[in-house]
2 protein chains.
Amino acid sequence: MTSKQTAIGRPRGFDADEALERAVLVFWARGYEGASLDDLTGAMGITRTSMYRAFGNKEDLFRKVLERYTEGPASYFARALREPAARAVATAFLHGAVHASTQPGCPTGCLGVQGSLAAGDTGAQARDILAAWREEGTAHLRRRFAAAVDEGDLPPGADPALLARFLMTVGNGIAVQAAGGAARDDLLLVADMALRTWPPVGSAGR
Amino acid sequence: MTSKQTAIGRPRGFDADEALERAVLVFWARGYEGASLDDLTGAMGITRTSMYRAFGNKEDLFRKVLERYTEGPASYFARALREPAARAVATAFLHGAVHASTQPGCPTGCLGVQGSLAAGDTGAQARDILAAWREEGTAHLRRRFAAAVDEGDLPPGADPALLARFLMTVGNGIAVQAAGGAARDDLLLVADMALRTWPPVGSAGR
DNA sequence: GGCATTCGGTACTGACCGATACCGAAGTTT
DNA sequence: AAACTTCGGTATCGGTCAGTACCGAATGCC
């Protein structure tokens with residue numbers, strides 16, 4: 001319906017993937033509500049008509065932008081999960097968050113945080129999508145740390161849910177700090193300070 | 001010009017302080033750009049005309065709302081700074097952030113974070129105001145910890161700037177988590193885990 | 001070549017945005 | 001009571017929002 005059909009009719013005159021990458025930067029910098037269709041289509045180099053035909057509507061575009069962001073600027077997250085040891089997972093996650101949130105040439109902060117945190121009616125759905133995105137990330141970390149407990153990589157009393165939420169909280173805070181202009185080096189020190197809670201003590205004695 | 005003049009003419013028919021408190025909740029829940037004047041005046045119980053006469057314009061209202069928020073829901077911050085020991089300051093700050101971000105009857109999260117994190121042209125000024133507000137908070141913490149080093153309350157090698165930024169980062173992360181629906185008890189555990197970096201080791205050996 | 005289909009572009013829709021001009025009414029001062 | 005000031009309310013301002021109808025042009029299939 002939208003694209004990948006048998007090639008009938010005039011072919012699209014722009015690269016949809018490249019246009020999507022441009023849209024990522026606009027939503028990232030201005031947020032869902034703050035990014036107008038003129039902002040988006042202007043950066044994408046296409047007209048409103050082409051955008052609607054290729055991506056649906058603004059909300060659909062935002063979903064696809066989030067997917068692209070996950071596979072691109074936020075790909076450090078999936079890589080962190082594949083680290084062999086729990087502490088390496090934590091380190092790669094926080095260092096990756098600092099790196100991605102302070103990348104030159106990209107907006108500061110994290111699309112998954114500042115895309116839509118508090119919003120009116122028009123941004124409510126984007127807000128919920130991002131909250132679910134962050135919660136999904138937390139769940140990935142939790143499962144990774146639960147596996148680490150099973151493997152003996154973490155002490156038996158360690159709480160995977162707490163460890164996951166702690167790391168995601170620090171990661172979110174790093175994104176807010178970066179959005180406010182914090183320097184990469186300062187945030188790396190913050191990340192290292194958070195990692196001083198590692199290895200976690202067992203919660204059995206609580 | 002706006003209010004506190006010699007009482008000439010018809011007196012104002014509403015309580016400006018109460019109206020301001022209602023406006024706090026609207027900006028808090030919907031963000032600067034997401035809060036329309038109809039949303040605001042509807043919750044404040046006044047007309048557009050009365051709002052403009054009493055508060056200036058939307059941006060002026062937002063500044064006054066932020067002041068009110070600082071003295072009200074965020075007053076835990078000033079109280080934390082007055083704790084006698086550095087560790088008590090850190091604990092009161094993070095626990096207060098959790099409490100304020102998950103207060104029943106109030107929007108979740110922190111106005112100073114979700115009020116305007118990424119925005120378009122109309123919300124850019126509010127975004128900068130909030131970034132400065134957070135940075136001011138960090139500076140307060142830094143000065144407090146610098147004094148603690150002088151008093152011998154913190155080790156001589158402790159880095160007040162790093163400690164302040166670390167705590168503000170965790171506090172901001174707590175606000176994002178709360179905005180996403182995280183439970184108060186879970187966030188209290190996160191705060192306590194962050195406090196396990198206390199007392200800070202000196203950075204002299206680095 | 002003829003037909004079907006999709007292309008990119010222009011112009012427009014109704015709705016909403018923040019802000020203001022104007023109004024009669026209500027209150028204070030003299 | 002007269003003069004003056006500010007009140008709350010209505011109606012409206014130009015501008016922008018997301019979304020769409022319609023256009024001629026360009027391309028692939030038969």
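Remember, predicted model here, so these are calculated numbers, not experimental data.
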Donor-acceptor pair under 3.5 Å: do we get one between T49(B)'s side chain and the base of dG8(D)?
no
Are the aromatic rings of F62(B) and W133(B) close, with centres under 6.0 Å apart?
no
Do the side-chain N and O atoms of R142(A) and T138(A) include a donor-acceptor pair separated by under 3.5 angstrom?
no
Quick check: W198(A) with F145(A) (ring centres under 6.0 Å apart)?
yes
What's the CZ-P distance between R30(B) and dG18(C), to the nearest Å?
11 Å
N172(B) versus T169(B), side-chain donor and acceptor atoms under 3.5 Å:
no
Nearest listed nucleotide, side chain of T47(B), among dA21(D), dG8(D), dC7(C)
dG8(D)
Should S50(A) be listed as having a side-chain N or O under 4.0 Å from OP1 or OP2 of dG8(C)?
yes
Does a nitrogen or oxygen in the side chain of R12(A) sit under 4.0 Å from OP1 or OP2 of dG8(C)?
no
What does the list of N/O pairs under 3.5 Å between the protein and nucleotides 17-19 of chain D look like, with a distance for each?
residue	atom	partner	partner atom	Å
dA18(D)	OP1	A35(A)	O	3.4
dA18(D)	OP1	K58(A)	NZ	2.8
dA18(D)	OP2	L37(A)	N	2.8
dA18(D)	N7	R48(A)	NH2	2.8
dG19(D)	OP2	Y52(A)	OH	2.8
dG19(D)	OP2	K58(A)	N	3.2
dG19(D)	O5'	Y52(A)	OH	3.1
dG19(D)	N7	R48(A)	NE	3.4
dG19(D)	N7	R48(A)	NH2	3.1
dG19(D)	O6	R48(A)	NE	3.0

Does the side chain of T102(A) pick up a donor-acceptor pair with the side chain of R184(A) at under 3.5 Å?
yes
Measure the distance from CG on L40(B) to P on dA19(C) and round it to the nearest whole Å.
11 Å
Calculate the interatomic distance between R53(B) atom CZ and dC7(D) atom C1'; express it in whole Å.
6 Å
Can you tell me how far P of dT6(D) sits from CD1 of I46(B), to the nearest Å?
18 Å
Here the distance between atom P of dT20(C) and atom CG of D60(B), to the nearest Å, is 11 Å
Output all residues satisfying salt bridge (charged side-chain N to carboxylate O under 4.0 Å, His left out) with R48(A), sequence neighbours left out; order by chain, then residue number.
D38(A)
